[in-house]
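Remember, it's 1-based here, ligands and their atoms both numbered in the order they're listed.
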Amino acid sequence: MSAHILDGKALAASLRKQVAGECQELRAGGIEPGLAVVLVGDDPASQIYVKHKERAAHECGVSALDYRRGADISQEELLQLVHTLNADAKVHGILVQLPLPAHLDATQILDAIDPAKDVDGFHPDNIGRLAQGRPRFVAATPMGCMSLLATTGQSLAGKHAVVVGRSNIVGKPMALLLTNANATVTLCHSRTEGLAQHIARADIVVAAVGKVDAVLASWLKPGAIVIDVGMNRNAEGKLCGDVQYEEMLEHASAITPVPGGVGPMTIASLMQNVVKAARAAG
Ligand code: NDP
């Protein structure tokens, strides 16, 4: 067996094109989709992520409104900025780039975002809606994973999905999305016993751990679909995911590469959320 490569780069490009068409329609109707991007401090990785998001926004016809603040901003000042953006009609989506400097309470900041502008899907209101099976904004990374899974053409109903990682931004919403799609879901984490045995029963594996070789090819059920969210550097400094990609090519029926899999889908999904927010506001 040779796995089908799930090309996130190509799918993301086509989604961005679709979003660009929708933005054009909105603009023709007098609505200019606007995304406020809040970046605090000068973390180099965050700067790169923000640059990519703003570039994608520009390409799609979304106005990226840049709010850069120094690392010494106070909690109150940042909260005030979020309140101002909540009240600004030009702003349809608000993105606060994480991580925030250690003196800031990120949870309180994210909770202050108007759930109708929470295009990252991190607000408890949006997570709660997802948990109840009536989603509004879904976190971009798991949303992108679902779009990639859809390209396999396989129904998820009744399939056994194993999600490895339970973060609020990837693992948990991913498990909820798969549950809502009628998969039978096992959610694993660092305290899980017998990870290999869980993986061996999985028709679908989603790895969101952040560790090289967290999921080994020898554990995989032949024909499983593998979505690799992880972004790591291997011993040679090369970007890689959480799974043994090369070795899995022989066992999996479909697999995402790193880079070029989930990564580009995250940004495209974010743009889909911004358009959705602009439509809802208009
Ligand atoms: P977190 O560090 O928040 O969560 C990691 C999860 O993995 C935790 O739930 C942890 O368990 C679990 N875990 C750690 N070690 C093991 C182990 N040995 N076996 C099983 N589970 C384990 O990370 P994120 O969810 O934010 O991100 C995960 C990865 O995805 C990272 O590499 C990140 O860079 C990448 N990422 C990629 C994105 C993209 O666009 N491609 C976007 C977002 C993230 P516990 O809860 O018990 O600690």
Chemist: Check whether any side-chain heavy atom of Leu239 sits under 4.5 Å from a side-chain heavy atom of Asn232, and report yes or no.
Modeler: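 Leu239 does not reach Asn232 side chain to side chain.
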Chemist: Between Lys172 and Asn168, is the side-chain hydrogen bond (donor to acceptor under 3.5 Å, both in side chains) condition met? List the steps.
Modeler: CA-CA 5 Å; Lys172 279 183 196 154; Asn168 289 334; 3.2 Å; yes
Chemist: Any non-hydrogen atom of Val209 lying under 4.0 Å from ligand 1?
Modeler: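 Contact present.
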Chemist: Please work out, at 4.0 Å between heavy atoms, whether the side chain, the backbone, both, or neither of Thr141 comes within that distance of ligand 1.
Modeler: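 It is the side chain that gets close, since no backbone atom is under 4.0 Å.
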Chemist: Give the atoms of ligand 1, by number and element, whose distance to some non-hydrogen atom of Ile169 is under 4.0 Å.
Modeler: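 In order of number, 26 (O).
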Chemist: Do ligand 1 and Cys188 have nitrogen or oxygen atoms that lie under 3.5 Å from each other?
Modeler: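 N/O-N/O distance below 3.5 Å does not exist for this pair.
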Chemist: Going by heavy-atom distance to atom 48 (O) of ligand 1, choose the closest among Ala139, Gly241, Ser190.
Modeler: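 Considering heavy atoms of Ala139, Gly241, Ser190, the nearest to atom 48 (O) of ligand 1 sits in Ser190.
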Chemist: Do Val274 and Val91 sit in one hydrophobic cluster, given that two such residues count as connected whenever their side-chain heavy atoms are within less than 4.5 Å of each other, even indirectly?
Modeler: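 Not linked; separate clusters.
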Chemist: Would you mind checking which non-hydrogen protein atom is closest to atom 24 (P) of ligand 1, with the distance to 0.1 Å?
Modeler: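 It is Ser167 OG, 3.7 Å.
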Chemist: When you measure from the heavy atoms of Gly171 to every atom of ligand 1, does any distance fall below 4.0 Å?
Modeler: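 Distance cut 4.0 Å: Gly171 fails for ligand 1.
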Chemist: Under 4.0 Å from a heavy atom of Ala208: give me the atoms of ligand 1 that qualify, with their elements.
Modeler: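 So the answer, numbered in order with elements, is 5 (C), 6 (C), 7 (O), 28 (C).
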Chemist: Please could you name the atoms of ligand 1 that Asn232 approaches to less than 4.0 Å, counting only its heavy atoms?
Modeler: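 The list of qualifying atoms is 32 (O).
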Chemist: Is it the case that ligand 1 has an N or O less than 3.5 angstrom from some N or O of Thr266?
Modeler: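 Yes, Thr266 has an N/O under 3.5 Å of an N/O on ligand 1.
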Chemist: Asp203 pairs by side chain to side chain donor-acceptor pair (under 3.5 Å) with which of His160, Lys221, Gln154?
Modeler: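 In the set His160, Lys221, Gln154, the residue that makes a side chain to side chain donor-acceptor pair (under 3.5 Å) with Asp203 is Lys221.
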Chemist: If hydrogens are left out, which of Lys211, His52, Lys172, Met231 has an atom nearest to atom 15 (N) of ligand 1, that is, the closest non-hydrogen atom?
Modeler: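 Among Lys211, His52, Lys172, Met231, the closest heavy atom to atom 15 (N) of ligand 1 belongs to Lys211.
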Chemist: Are Asp7 and Lys9 close enough, and set up right, to give a salt bridge (Lys or Arg N to Asp or Glu O under 4.0 Å), and what steps lead you there?
Modeler: CA-CA 5 Å; Asp7 185 348; Lys9 210 172 156 189; over 6 Å; no
Chemist: Mark the output for Ala214 as yes if a heavy-atom distance to ligand 1 is under 4.0 Å, and as no if none is.
Modeler: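 False for this residue.
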Chemist: Is there side-chain contact between Asp120 and Leu270, with heavy atoms separated by less than 4.5 Å?
Modeler: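 In short, these two side chains touch, coming nearer than 4.5 Å.
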Chemist: Any heavy-atom pair between the side chains of Pro33 and Ser63 that's under 4.5 Å?
Modeler: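 Not touching, per the 4.5 Å side-chain cut-off.
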Chemist: With respect to atom 8 (C) of ligand 1, which of Arg191, His189, Arg166 exhibits the smallest heavy-atom separation?
Modeler: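 Result: the heavy atom closest to atom 8 (C) of ligand 1 is in Arg166.
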